[in-house]
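Working notes, structure below.
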Amino acid sequence: MLVHSPWGLGYLALASGRMTAPAMAANGTRFDGWLLNTHDNRFGPIADVNGDGRDEVVVTSPWGLGVLGVSGTSFRGLMLAANGTRFGGWLLNTADNRLGPVADVNGDGRDEVVITSPWGLGILRFNGSTLEPVMMAPNGTRFGGWLLNTADNVLGPVGDFDGDGREEVVISSGWGMAILRWDGTNLVPIMMAANGTRFGGWLLNTGDNRFGPVGDLDGDGRDELVISSPWGMGILRFTGSTLEPVTMAPNGTRFGGWLLNTADNHLRAAARFGRSQDDLFITSPWGIGVLGLSGGALTSQVMAANGTRIDGWIIDTNANQFVQFNSLGGDGSADVLLTSGWGLGVLRPRGTTFRVPFLAGNGTRFGSWLLNTADNTFG
């Protein structure tokens with residue numbers, strides 16, 4: 001996991017019940033020309049941009065942009081470019097360029113970076129020494145029937161909704177929504193719908209619908225889109241040229257013991273918590289839970305109320321932050337990185353139980369990294 005603080009940058013690794021800091025660097029360090037300064041460097045997105053199976057971090061500053069990877073006990077600048085550089089036809093300006101989401105749009109095992117600006121949209125690919133545009137389009141371009149306008153278009157989340165091994169991008173606006181796929185030369189909508197459209201019983205209204213997370217919730221090899229509104233929540237599946245609900249539920253529904261209330265429920269992530277399909281990690285002022293599809297309906301796999309002590313960690317959704325959802329234990333199933341004013345923990349949902357196999361209070365050193373959740377930023 002990446003971590004930065006007013007001191008500098010590091011990455012932490014959990015192995016055999018111990019947290020270590022394999023790489024660290026203080027502000028003022030140069031990575032092949034990139035000057036580290038966590039006061040104005042912005043880290044992310046994080047993605048495997050070169051296809052080596054390890055993630056890199058895209059970093060920006062008022063100076064420009066870099067791609068950083070881990071090399072030994074420090075970081076390496078795989079590429080860097082000053083503002084004013086052109087990636088093909090794309091003019092880099094970190095003052096108004098917005099980076100993300102990232103998606104493997106062509107299925108080659110490398111993530112591309114979607115970038116937008118007041119001019120328009122691009123998809124950038126890392127080619128080993130620089131970034132190059134896979135495609136670019138100015139505002140006013142139509143992708144099929146979708147009118148590009150980066151002033152009001154919202155990009156993301158992403159997922160492989162049609163199961164072709166390439167990721168598509170959800171895009172929404174005050175008009176409606178679409179799912180865009182890169183066809184080798186351009187973005188094309190595999191579905192579009194105006195506000196007021198019904199997906200089965202779900203009424204689309206981008207004014208109050210929230211899109212995401214995304215995951216293969218039914219285990220069919222295709223990602224589904226979780227959607228919520230003041231009415232309730234649904235799980236939508238791409239079929240043919242539209243979306244259809246796998247399941248829907250109004251607020252007040254109970255999934256096992258979990259009470260749905262989208263006014264205060266937060267759907268944090270979809271991840272594989274030990275099952276062969278993705279489940280949903282959810283929090284509320286009451287506590288935490290994992291919801292999973294079974295027989296076409298959602299049910300609670302495991303829950304814990306605030307005040308519950310799990311292996312020494314006290315669950316408190318008013319004070320806990322849930323900042324990362326990936327495999328920290330090496331078993332391939334997802335864990336949840338927890339932080340609080342007290343320190344850091346790793347929450348492991350498996351089956352019908354939660355465990356916290358690792359926790360550390362502020363002031364602990366992981367190698368030379370000093371844990372202080374008051375100023376450490378993870379992910």
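What you see is a predicted model; the values in this text were computed from it and never measured.
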Test side-chain hydrogen bond (donor to acceptor under 3.5 Å, both in side chains) applied to [X] - qualifying residues, sequence neighbours left out:
{"X": "Thr339", "result": "Gln321"}
{"X": "Asp160", "result": "none"}
{"X": "Ser172", "result": "none"}
{"X": "Asp220", "result": "Arg222"}

> In a check of side-chain hydrogen bond (donor to acceptor under 3.5 Å, both in side chains) between Arg348 and each of Asp335, Asp311, Asp331, which one passes?
Replying inline: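 The side-chain hydrogen bond (donor to acceptor under 3.5 Å, both in side chains) with Arg348 is passed solely by Asp335 among Asp335, Asp311, Asp331.
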Report the hydrophobic cluster partners of [X], with the cluster defined as I, L, V, M, F, W, Y residues connected by side-chain heavy atoms closer than 4.5 angstrom, directly or transitively.
{"X": "Val346", "answer": "Met1, Val3, Trp7, Leu12, Leu14, Met19, Met24, Val323, Leu328, Leu337, Leu344, Phe358, Phe366, Trp369, Leu371, Phe378"}
{"X": "Val154", "answer": "none"}
{"X": "Leu35", "answer": "none"}
{"X": "Leu259", "answer": "none"}

>> Going by salt bridge (charged side-chain N to carboxylate O under 4.0 Å, His left out), name the residues that satisfy it together with Arg254, two or more places apart in sequence or in a different chain.
In response: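 Result, salt bridge (charged side-chain N to carboxylate O under 4.0 Å, His left out) vs Arg254: none returned.
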> With sequence neighbours excluded, what pairs up with Asp104 under the salt bridge (charged side-chain N to carboxylate O under 4.0 Å, His left out) test?
Replying inline: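 Result, salt bridge (charged side-chain N to carboxylate O under 4.0 Å, His left out) vs Asp104: none returned.
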> Can you pull the ring pair (Phe, Tyr, Trp, His ring centres under 6.0 Å) pairs that have at least one residue in residues 262-310, sequence neighbours excluded?
Replying inline: Trp258-Trp286, Phe281-Phe322, Phe281-Phe325
Less than 3.5 Å apart, which donor and acceptor atoms pair up between the side chains of residues 291-300 and the rest of the protein, not counting sequence neighbours?
residue	atom	partner	partner atom	Å
Ser300	OG	Phe255	O	3.1
Ser300	OG	Gly257	N	3.4

